[in-house]
Amino acid sequence: MDLLNPSERTEKYRAQLLDFMDTHVYPNESVFDQQMRESENPHATPPILLELKAKAKEAGLWNLFHPHAEWGPGLTNLEYAPLAEIMGHVAWAPEVFNCNAPDTGNMEVLTLFGTDEHKERYLKPLLDGEIASAFAMTEPAVASSDATNVELSMVRDGDEYVLNGRKWFASNAVRPDCKVLIVMGKTDPTAATHRQQSMMVVPTDAPGLTILRNLPVFGYVDRESHGELLFENVRVPAKDVLKGEGEGFAISQARLGPGRIHHCMRTIGIAERALELMCTRATQRVTFGQPIADRANIQDWIAEARIDIEMVRLLTLKAAAMMDTVGNKAAATEIAAIKVAAPNIALKIIDRAIQVHGGGGVTDDFPLAMAYAHIRTLRLADGPDEVHKRAIARRELRPYRDAASAPETVAGVSDQALVSR
């Protein structure tokens with residue numbers, strides 16, 4: 001499979017997904033919204049979602065994200081990319097297919113680093129869509145864009161670790177069906193910088209763990225929730241340390257690589273949905289005796305949106321292909337690039353779609369306002385733009401700095417080479 005020729009498996013799942021979205025998801029967007037409004041808990045699972053999950057599982061459209069054939073179809077990143085984009089058209093659609101964050105990343109971590117007990121108790125229910133999970137890494141007291149700043153303490157006490165500290169923006173943590181956390185903290189402050197952190201599996205009913213509140217995002221109380229958590233002498237058996245003490249940073253990098261690209265794939269879907277809504281609205285509304293779609297500036301916006309989407313899609317597919325062929329480390333620049341490009345491009349398109357919708361664009365009558373809030377948040381999730389740009393720039397500068405520290409050259413030829421001539 002290359003960037004422009006999807007594999008047979010991708011085409012098969014793509015056709016099935018498009019049909020499922022048209023038949024079951026889009027017609028039930030208003031039903032989902034109504035059931036959430038009627039729910040007494042803003043983080044509950046509405047009945048329509050359970051119905052659609054059952055239909056998706058029956059149709060074989062389940063765990064499509066999982067690269068391990070034991071747990072899913074075993075698609076590559078490049079094969080999965082077009083499917084994630086389709087799911088991204090509706091904010092809650094990925095959960096219909098059990099492909100929603102943060103559960104996808106947590107399932108991969110448990111697959112790679114979990115014990116047999118972890119897999120039986122947590123991974124299997126997650127793969128079956130029976131429970132939810134959260135990833136507790138970000139902290140309110142430090143700049144968590146630098147993961148080495150993590151302060152939550154994990155102190156060894158016999159066969160247990162004692163956890164103390166505070167986390168926030170733990171997505172899913174406030175949901176009633178959230179049963180397990182993957183928590184990153186500091187086990188050895190004296191170790192090498194990237195060996196100080198560890199990750200542990202912590203059940204949400206662990207004594208000493210308190211869910212303090214849900215954090216709204218731009219005023220929206222998201223169904224998945226963003227919890228602030230307090231750990232007060234929470235005891236975790238040593239057997240629940242993932243991979244081993246000091247491996248937390250390595251696990252976070254393994255988790256965030258695929259997680260970032262999944263976000264970008266879904267973001268392209270959101271951008272496509274915004275463009276569809278913009279075109280529909282522009283052809284339906286008339287101002288000053290002329291359809292909005294006939295205005296030159298609106299046509300510019302539509303053309304630019306198409307160009308931008310095609311560019312960022314190709315960049316995302318390139319990153320996915322490199323992850324599959326040369327690995328996440330070699331694809332680090334491309335992963336960082338799409339993490340910056342995808343949400344920024346989507347934000348521009350969503351903003352213009354809102355403008356075309358007029359007052360309606362900033363209401364919840366259309367999905368644009370919520371999409372804007374979520375995508376603006378994405379510019380901070382899994383690392384802010386500035387961190388990714390810094391990483392890209394450092395890689396670009398490295399050969400020039402290496403050359404600057406080498407012997408002086410004339411037109412690219414070293415002094416030693418000139419002497420030898």
Side-chain angles (χ1 to χ4, degrees), residues 102 105-106 108-110 112-114 134-157 160-171 181-202 228-231 233-234 236 238-261 263 323 326-337 339-340 379-402 404-405:
N106 291 341
E108 288 201 51
V109 167
L110 292 172
L112 294 172
F113 308 112
F135 184 61
M137 180 175 175
T138 305
E139 298 181 1
V142 297
S144 299
S145 55
D146 178 359
T148 63
N149 284 335
V150 166
E151 290 184 340
L152 182 137
S153 65
M154 297 173 159
V155 179
R156 185 73 183 249
D157 182 20
E160 296 179 318
Y161 286 85
V162 181
L163 278 55
N164 282 282
R166 191 179 295 244
K167 296 287 185 180
W168 70 349
F169 284 102
S171 298
L181 311 171
I182 293 179
V183 183
M184 182 167 175
K186 192 161 286 187
T187 44
D188 186 359
T190 65
T193 303
H194 294 94
R195 296 287 302 173
Q196 298 178 6
Q197 307 82 11
S198 300
M199 285 196 189
M200 301 183 186
V201 175
V202 182
E228 182 172 358
L229 313 175
L230 178 63
F231 294 77
N233 296 320
V234 176
V236 177
K239 63 182 177 62
D240 288 333
V241 177
L242 291 168
K243 195 177 181 183
E245 187 173 304
E247 297 289 344
F249 198 87
I251 294 174
S252 71
Q253 293 306 300
R255 183 190 187 281
L256 292 177
R260 284 169 179 158
I261 200 166
H263 275 313
M323 291 170 69
V326 295
N328 294 0
K329 186 174 181 179
T333 293
E334 285 72 19
I335 294 172
K339 180 60 179 64
V340 175
R379 290 184 55 206
L380 296 167
D382 292 343
D385 290 357
E386 292 75 16
V387 170
H388 297 300
K389 289 179 180 179
R390 174 177 178 267
I392 294 169
R394 291 175 72 179
R395 292 188 189 95
E396 288 294 312
L397 287 168
R398 189 173 298 143
Y400 297 93
R401 285 177 171 159
D402 291 345
S405 62

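It should be emphasised that the depicted structure is a prediction, and the values quoted were computed from it without experimental measurement.
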### Task
Determine whether more than 12 heavy atoms belonging to other residues, nucleotides or ligands lie under 6.0 Å from atom CZ of R394.
no

### Task
Using the side-chain contact (heavy atoms from CB on, under 4.5 Å) rule, take V236 and V201 through it: C-alpha gap first, then chi angles, then the decisive distance, then the call.
CA-CA 8 Å; V236 177; V201 175; over 6 Å; no

### Message
Any heavy-atom pair between the side chains of V202 and V234 that's under 4.5 Å?
### Response
yes

### Message
I'd like to know if R195 and E245 make a salt bridge, using a cut-off of under 4.0 Å between side-chain N and carboxylate O.
### Response
no

### Reported CG-to-NZ distance for the pair L112 and K243, which is rounded to 0.5 angstrom
9.0 Å

### Test: E151 and K186 ion pair at under 4.0 Å
no

### Message
Please check this pair: side chain of T187 against backbone of Q196, looking for a donor-acceptor N/O pair closer than 3.5 Å.
### Response
yes

### Task
Taking the side chain as every heavy atom from C-beta outward, state whether D382 and H263 have any atom pair closer than 4.5 Å.
yes

### Separation between CD1 of I182 and CG of L242, rounded to the nearest 0.5 Å
6.0 Å

#### Entry: Pairs satisfying side chain to side chain donor-acceptor pair (under 3.5 Å), at least one member in residues 134-145, at least two apart
E139-K167

## Note on the structure
Interatomic distance, OG@S198 vs CG@L152, rounded to 0.5 Å, equals 11.0 Å

### Query
How far apart are the closest heavy atoms of S171 and A134, and which atoms are they?
O-CB, 3.3 Å

### Task
Would you indicate whether the side-chain heavy atoms of L229 and F231 approach each other to under 4.5 Å?
yes

### Query
Please walk me through it: do F249 and T148 pass side-chain contact (heavy atoms from CB on, under 4.5 Å)?
CA-CA 8 Å; F249 198 87; T148 63; 4.1 Å; yes

### Message
For a 4.5 angstrom cut-off between non-hydrogen side-chain atoms, does V241 reach M199?
### Response
no

### Summary
In short, V340 meets H388 closest at the heavy-atom pair CG2-CB, 3.6 Å

### Task
Kindly indicate whether the side chain of M200, heavy atoms from C-beta on, has any atom under 4.5 Å from the side chain of M154.
yes

### Query
Which heavy-atom pair separates S405 from D402 by the least distance, and what is that distance?
OG-O, 2.8 Å

### Task
Measure the spacing between CG of D240 and OH of Y161 and express it to the nearest 0.5 Å.
11.0 Å

### Task
Mind checking the CD-CD1 spacing from E334 to I392? Nearest 0.5 Å is all I need.
8.5 Å

### Message
Taking NZ in K239 as the centre, count heavy atoms belonging to other residues, nucleotides or ligands within less than 6.0 Å. Is the count above 12?
### Response
yes

### side-chain hydrogen bond (donor to acceptor under 3.5 Å, both in side chains) against D385, all qualifying residues, sequence neighbours excluded
N344, R379

### Message
Can you give me the closest heavy-atom contact between A147 and Q197, atom names plus distance?
### Response
O-NE2, 4.2 Å

#### Entry: Under the ring-ring contact (aromatic ring centres under 6.0 Å, His included) test, residues paired with F113 that sit two or more places apart
none

### Task
Answer yes or no: are there more than 12 heavy-atom neighbours, outside R390 itself, under 6.0 Å from its atom CZ?
no

### Message
Any non-hydrogen side-chain atom of V162 less than 4.5 Å from a side-chain atom of N164?
### Response
yes

### Query
Judged by atom type as modelled, is there a donor-acceptor pair below 3.5 Å linking the side chain of K339 to the main-chain atoms of A381?
yes

